[in-house]
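Only one structure is covered here, and it is reproduced in the block below.
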Amino acid sequence: MKPKIIFTLSMAITLSLFTSCSAVKEYQKSRLNDAEMILANRKIERTELSFQSYREGASGANAGKSGGGCGCN
Amino acid sequence: MKKICLTVIGLYLGLLAAFSQQGPANDSSYRSRKLKIDEINLVSSYYHQDGERAAVTGGIGSQKLTDISNTLDIKLIRYDRKDRKQVWTGEVGIDNYTSASSDKIDPKTISSASYADNRVYPSFSFSRENEKKGTEFGVGVSASSEYDYFSIGLNAHVTKKTKDRMGEFNAKGQAYMDRVSLIYPVELRGSEDPNAQKRGSAARNSYSVALSWSQIVNQRLQLAFLLDLVQQDGFLSLPFNRVYTEGGAVQVEHLPSSRFKVPIGARANYFFGDKLIIRSYYRYYFDDWGLKAHTANIETAIKLNNFFSLSPFYRYYRQTEVDYYKPYREHKVGSEFFTSNPDLSAFNSHFYGAGIRLSPPGGLFGWQHFNMLELRYGHYTRSNTLQANIVSLHLRYK
């Protein structure tokens with residue numbers, strides 16, 4: 001029951017965000033283009049992600065490696 | 001160790017010196033046909049952990065481990081005759097690590113994954129972007145080598161932006177072909193344990209498809225949705241991980257030869273006012289070994305002025321155990337699959353710390369091209385005794 005509620009709420013929030021999208025021109029993207037607004041892991045997080053993939057059972061969905069190459073799971 | 005550090009620093013300074021006589025950065029209206037250096041990055045980290053649940057000794061014993069990691073990458077760009085942007089990236093990483101538990105595979109000799117070892121991992125990638133059409137494709141190859149593990153990786157990706165440049169779809173395929181050296185605990189070499197009879201090496205292959213959708217919502221908010229499908233086949237155990245049964249008999253870890261993993265994630269970044277950025281991330285993960293996990297991460301970047309920011313962060317992680325896990329001396333004889341690796345047990349963890357980022361307009365230390373320095377510290381604490389600290393440094397030459 002609980003996961004269903006969480007899933008429904010997540011979908012509702014996501015849909016409301018998508019429907020509220022407003023057109024952003026290139027010259028209006030100064031904040032979105034800020035180096036710290038990047039929608040990915042930063043280079044300095046590389047070793048953190050590596051040790052987390054060794055020490056934890058879950059990995060992936062973070063635009064990095066999701067198996068192989070380091071003897072980890 | 002000193003040699004490795006000096007080699008990496010020497011290589012980095014050599015590259016900086018070699019390209020420090022370049023002219024001023026290209027005007028954006030000029031598209032160079034010649035391959036030019038865009039940026040060089042050096043990332044160095046020091047990681048230290050300790051705990052009392054080592055997998056090598058069956059779920060008890062020291063987990064003390066230290067890892068010093070250095071990676072250097074160089075990114076080159078050019079524009080081809082059709083005005084498409086080409087990016088060539090080369091990278092090399094060197095880790096030096098010491099592990100107290102690895103030394104327990106065979107305490108008397110060095111014929112094991114040794115107490116101190118190195119991992120070297122070069123990679124190369126190429127991508128081509130058509131900025132007018134909003135498309136990109138790329139390919140890459142990587143390798144990783146350490147005493148008891150060798151890996152070759154291949155990857156390819158495609159990206160397509162929407163017409164209004166508000167959304168972006170990315171698909172990436174990866175394949176890793178790995179070899180695991182079959183090094184068994186000393187007391188099981190030549191034993192009756194059928195899982196410890198193999199010699200040489202075994203294959204482990206990983207194939208994944210990663211899909212993502214990024215969306216700009218407004219001038220301050222952007223989102224990303226991520227889905228990976230990962231299939232692993234082959235020898236997925238580690239041959240030196242001991243398992244003790246209820247009666248005290250010792251065996252080596254034995255896990256299924258196939259694993260299917262599905263991580264689903266989302267990111268949301270929001271820029272408050274002119275000084276504060278909130279970066280958030282959530283991931284739900286499940287696999288066919290029975291492991292389920294939640295990861296939630298939040299980081300704030302506080303811009304104290306135009307070139308200095310402070311970024312405290314917090315990450316929470318929780319997982320259930322795999323179907324084949326039991327702690328030290330709790331496995332019954334006769335199970336088909338078994339492990340006492342605490343990394344596959346049920347636990348939760350907290351990871352918190354802070355980073356600083358310096359990017360002065362005139363460059364660092366008066367050197368214009370040497371334009372960004374980032375320093376970050378994190379403390380990791382896990383509910384089953386493991387504690388770790390990590391310090392990382394990122395220097396960028398652009």
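Order of the sequence lines fixes the chain letters, A, B, ..., with proteins taken first and strands second; residue numbering starts at 1 for each chain. Just so you know, these numbers come straight off a predicted model, no measurement behind them.
- Of the listed residues B:Met177, B:Lys303, B:Glu321, the one with more heavy-atom pairs under 4.5 angstrom with chain A than any other is B:Lys303.
- Both the backbone and the side chain of A:Ala58 come within less than 4.5 Å of a heavy atom of chain B.
- The shortest side-chain heavy-atom distance between B:Ile390 and A:Phe51 falls under the 4.5 Å cut-off.
- Here B:Ile216 is the residue among B:Asp164, B:Ile216, B:Asn155 with the most heavy-atom pairs under 4.5 Å with chain A.
- Across all non-hydrogen atoms, the minimal contact from A:Ala40 to B:Arg279 is O-NH2, 3.3 Å.
- Proximity to chain A is limited to the side chain of B:Tyr317, based on heavy atoms less than 4.5 angstrom apart.
- Using a 4.5 Å cut-off between heavy atoms, B:Phe347 contacts chain A through its side chain alone, with no backbone atom that close.
- For chain A, the option among B:Asp73, B:Asn170, B:Thr320, B:Thr295 with the highest count of heavy-atom pairs below 4.5 Å is B:Asp73.
- Contact count against chain A (heavy-atom pairs under 4.5 Å) is highest for B:Arg376 among B:Arg165, B:Arg376, B:His394, B:Gln319.
- Heavy-atom distances place the side chain of A:Arg46, and not its backbone, under 4.5 Å from chain B.
- A:Leu32 is not listed as a side-chain neighbour of B:Phe271, based on a closest heavy-atom distance of 4.5 Å or more.
- Side-chain contact check for A:Ile44 versus B:Arg357: every heavy-atom pair is 4.5 Å or farther apart.
- Within the 4.5 Å cutoff, the side chain of A:Tyr54 has no heavy atoms near those of the B:Tyr47 side chain.
- Under the side chain to side chain contact (heavy atoms under 4.5 Å, CB included) criterion, B:Asp287 pairs with B:Arg259, B:Lys261, B:Tyr285, B:Trp289, B:Leu291, not counting sequence neighbours.
- For the salt bridge (charged side-chain N to carboxylate O under 4.0 Å, His left out) test, residues two or more places apart in sequence or in another chain that qualify with B:Lys398 are B:Asp38, B:Glu39.
- In terms of non-hydrogen atom pairs under 4.5 Å with chain A, the most contact-rich of B:Gly93, B:Ala293, B:Ala224, B:Ser214 is B:Ala224.
- Contact annotation for A:Lys43: both backbone and side-chain heavy atoms come within less than 4.5 Å of a heavy atom of chain B.
- Contact annotation: the side chain of A:Gln52 approaches that of B:Phe351 to within less than 4.5 Å [non-hydrogen atoms, C-beta and beyond].
- Separating the CD atom in A:Glu36 from the CD1 atom in B:Ile277 is a distance of 5.5 Å, to the nearest 0.5 Å.
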